[in-house]
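What follows is a set of notes on a single structure, which appears directly below.
Just so you know, these numbers come straight off a predicted model, no measurement behind them. Each chain gets a letter, A, B and so on, in the order the sequences are listed, and its residues count up from 1. Below, all heavy atoms of this structure are taken into account, side chains as well, without hydrogens, waters or symmetry copies.
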Amino acid sequence: MSEALLAQEVGTAPAAVPASGARQFWRRLRAQRSAVVAASVVAFLVLVALAAPLLTALEGQDPNTFHPSLVDSAAGGVPLGSFGGISAEHWLGVEPQTGRDLFARIVYGARVSLGVAVFATLLQVFLGVVIGLAAGLGNRAVDQVLSRITDVNVAMPLMVIALALLAVVPPEFPRPVLIALVVGLINWAGTSKIVRAQTLALKSLDYVSAARLSGWGKWKIAHREMLPSLAAPVITYAALLVPQNITVEAALSFLGVGIKPPTPSWGQMLTDADVWYQAAPSYLLIPAALLFVTVLALTVLGEGVRTALDPRSQSRLGGVRRGLLSRRKGGAQ
Amino acid sequence: MTGFLLRRLGGAVFVLLSLSVFLYLVFYVAPGNVAQIACGPRCSPAQVAQVHEQLRLGDPLWLQYAHFVQGIFAGRDYSSGVGVLHCNAPCLGVSYQSDQQVTQLILNKLPVTGSLVIGAFALWLLLGVGTGVLSVWRRGRPTERVLTWLTLAGTATPVFVIGLLLIIVFCSTLQWLPFPTYVPFGENPEQWAWNLLLAWVSLAAIESAKYARLTRSSMLETLAEDHVRTFRAYGVSERALVGRHALRGAVAPVIALSALDFGSMFGGAVLTESLFGLPGLGRELVEAVKVVDLPVVVGMVLVTGFFVVLANAVADLLYAVADRRVVLS
């Protein structure tokens with residue numbers, strides 16, 4: 001992506017924002033109602049994902065047991081009972097045809113969805129920071145080489161390459177790990193471009209010059225003086241990457257090349273649900289709604305994080321409003 | 001300007017060559033048993049050996065890669081057992097499944113993807129920029145809040161979810177539209193549009209959210225600038241400030257993002273095409289991936305990479321043309 005657009009997305013001009021304390025960050029984040037709500041939703045989903053075995057034990061079901069007695073095999077496998085077979089035993093009903101418990105599959109699906117996205121994001125951020133920092137701090141040759149590698153990474157269309165890679169890797173390789181690896185390895189260029197630009201801008205600042213003049217080595221400066229200032233844009237960008245990665249995993253699984261059965265995944269449920277929407281609409285609507293809520297909550301949280309980290313920025317959600325353009329249209333500035 | 005173009009061209013060639021090396025290593029070398037894949041799972045060892053011979057898999061790696069690159073720039077010949085098959089430049093190989101040339105295959109699919117992308121593009125640009133302008137014009141009012149949340153919902157919905165719901169509502173429940181099948185434009189323009197309508201809307205609904213946000217934030221940025229304050233002091237109306245001066249600030253980023261999206265969409269509208277049964281590049285790739293048709297897969301990825309690189313260069317160029325403050329380097 002072109003640098004100017006990246007800067008728009010992260011919302012910070014390079015090196016303009018001094019690193020602010022963690023306490024200030026929390027205060028600014030808490031001041032935004034939408035961010036607090038979103039954070040609660042995200043926390044709830046993470047808890048559900050972590051407690052998946054506990055929750056299914058509570059329900060008394062597991063995600064992989066077939067219940068042929070709960071579906072109407074004469075009607076092609078439609079779940080018996082109303083709303084897709086919702087009952088005291090099966091809280092969200094059962095899957096058409098197989099009769100597997102939907103609640104159990106959903107909560108285990110949350111594990112896959114969130115786990116893959118978080119792991120992929122960590123990988124993207126790690127690679128992006130290391131490569132971007134090295135390019136920004138290294139000499140001309142290092143910068144040239146790393147920047148060209150970054151260009152190649154930019155030219156790799158994520159969905160297309162991920163699709164292609166997933167086809168050739170042997171099926172024995174655990175799919176969730178594979179997807180996270182592929183997404184992480186193909187899509188770190190955004191982070192590295194941001195970090196490189198930021199590093200270059202920081203290099204010329206007085207406090208960095210002061211550190212250099214007092215004889216500090218490059219890596220000590222990088223570690224002690226630059227990383228803290230890099231935190232704001234990197235965290236902002238990472239917060240936007242997580243929901244993006246969730247969508248990518250769901251999309252790959254939706255296309256039938258991502259998570260393979262019997263491992264449950266929301267995207268894969270949507271593919272299966274496609275043919276069942278008339279007989280069992282809940283089978284389609286539940287994963288669709290969850291995917292929507294998860295991505296929405298993470299996006300809103302990302303916006304909140306951006307606003308909290310960049311004091312000059314306007315909240316794009318309208319929560320905290322300060323600065324020149326607030327409230328009254330056309331008012332005197 | 002000329003210097004910039006030459007450097008970009010050199011960079012693009014380098015990037016594409018590196019991408020081709022990467023793809024070659026990952027898809028033709030790493031799997032190991034390419035002859036088996038090419039021949040299919042039911043081939044006897046003798047047949048596999050024959051395919052091994054035909055594809056010249058015994059050659060050293062660099063020579064195989066050189067032939068691959070030679071095919072792209074000058075064309076190459078394949079021995080197909082009975083005769084020699086000539087593959088014209090730019091030759092990306094021959095499909096294992098259908099024995100069709102990959103270049104031809106891609107060219108055949110291009111109009112379908114083009115139909116999807118161009119229609120959706122027009123729609124999302126209109127919708128996105130319109131929403132952005134409206135939300136700046138009505139800033140601080142309920143309209144803005146509604147638009148902001150709508151935009152956010154658009155960003156948060158995966159395209160296949162919205163597409164699936166649209167198909168269910170309009171094709172199945174209401175039956176206002178036929179289940180989408182692709183009709184070429186040349187055959188029946190009206191049917192072409194009706195069948196593509198839902199795909200356009202789904203893609204545009206998602207994409208326009210991005211444009212609305214970009215338009216809004218660029219316009220707000222411009223409105224905060226000194227020259228706008230001066231205009232305001234001179235008594236320029238709010239309508240002119242938003243509609244003329246602030247909008248100008250959004251032109252460059254929107255054009256740049258359009259170029260980027262346009263490029264990546266050409267290879268990457270995988271989901272929309274699969275969902276709406278459009279036989280375009282994306283769907284072809286999914287099919288090729290499922291049967292491990294390596295030449296098609298590699299060809300597609302390379303062509304998509306080409307579009308992305310092209311789009312990136314065009315985006316930078318257009319940004320600089322639209323915003324004179326940017327210096328090309």
(request) Report yes or no: does T121(A) contribute a side-chain atom to a donor-acceptor pair with the main-chain N or O of A238(A) at less than 3.5 Å? (result) no
(request) Using side chain to side chain donor-acceptor pair (under 3.5 Å) as the criterion, point out the one residue from T131(B), T151(B), D261(B) that pairs with Y211(B). (result) D261(B)
(request) With a 4.5 angstrom heavy-atom cut-off, could you sort out which part of V257(A) is near chain B: side chain, backbone, both or neither? (result) side chain
(request) Any chance you could lay out the side-chain hydrogen bond (donor to acceptor under 3.5 Å, both in side chains) test for E249(A) and S253(A), step after step, and finish with the verdict? (result) CA-CA 6 Å; E249(A) 182 274 313; S253(A) 302; 2.7 Å; yes
(request) Report the option among T173(B), V309(B), V298(B), L164(B) that has the most heavy-atom pairs separated by less than 4.5 Å from atoms of chain A. (result) L164(B)
(message) For V161(B), which atoms come within 4.5 Å of any heavy atom of chain A: side chain, backbone, both, or neither?
(response) side chain
(request) State whether the side chain of D293(B) and the backbone N or O of Y96(B) hold a donor-acceptor pair below 3.5 Å, judged by distance alone. (result) yes
(request) Start with the C-alpha gap between K290(B) and E287(B), add the side-chain angles, then the distance that decides, and say whether salt bridge (charged side-chain N to carboxylate O under 4.0 Å, His left out) holds. (result) CA-CA 5 Å; K290(B) 283 184 177 159; E287(B) 300 306 319; 5.1 Å; no
(request) Identify which part of L285(A) has an atom lying under 4.5 Å from any heavy atom of chain B, answering side chain, backbone, both or neither. (result) side chain
(message) Given heavy-atom pairs under 4.5 angstrom as the criterion, report whether the side chain, backbone, both or neither of F254(A) touches chain B.
(response) side chain
(message) At a 4.5 Å cut-off on heavy atoms, which part of F306(B) comes close to chain A: side chain, backbone, both, or neither?
(response) neither
(request) Considering only heavy atoms and a distance below 4.5 Å, find which of L255(A), V293(A), T247(A) pairs most often with chain B. (result) L255(A)
(message) Under a 3.5 Å threshold, yes or no: a donor from one side chain and an acceptor from the other, between Q144(A) and R140(A)?
(response) no
(request) Measure L165(B) against the heavy atoms of chain A and call it side chain, backbone, both or neither at under 4.5 Å. (result) side chain
(request) Side chain from CB out, backbone as N, CA, C, O: work out which of these in L298(A) comes under 4.5 Å of a heavy atom of chain B, or both, or neither. (result) neither
(request) Without swapping roles, check the side chain of N153(A) against the backbone of L185(A) for a donor-acceptor pair under 3.5 Å. (result) yes
(message) Can you tell whether the side chains of R216(B) and E221(B) come within less than 4.0 Å, N to carboxylate O?
(response) no
(message) Quick check on V308(B) against chain A: is it the side chain, the backbone, both or neither that has a heavy atom closer than 4.5 Å?
(response) side chain
(request) Name the region of A259(B), side chain, backbone, both or neither, that has any atom closer than 4.5 Å to a heavy atom of chain A. (result) neither
(message) With a 4.5 angstrom heavy-atom cut-off, is it the side chain or the backbone of I167(B) that approaches chain A, or both, or neither?
(response) neither
(request) Side chain from CB out, backbone as N, CA, C, O: work out which of these in S274(B) comes under 4.5 Å of a heavy atom of chain A, or both, or neither. (result) side chain
(request) Verify, without hydrogens or angle tests, whether S113(A) (side chain) and A110(A) (backbone) share a donor-acceptor contact under 3.5 angstrom. (result) no
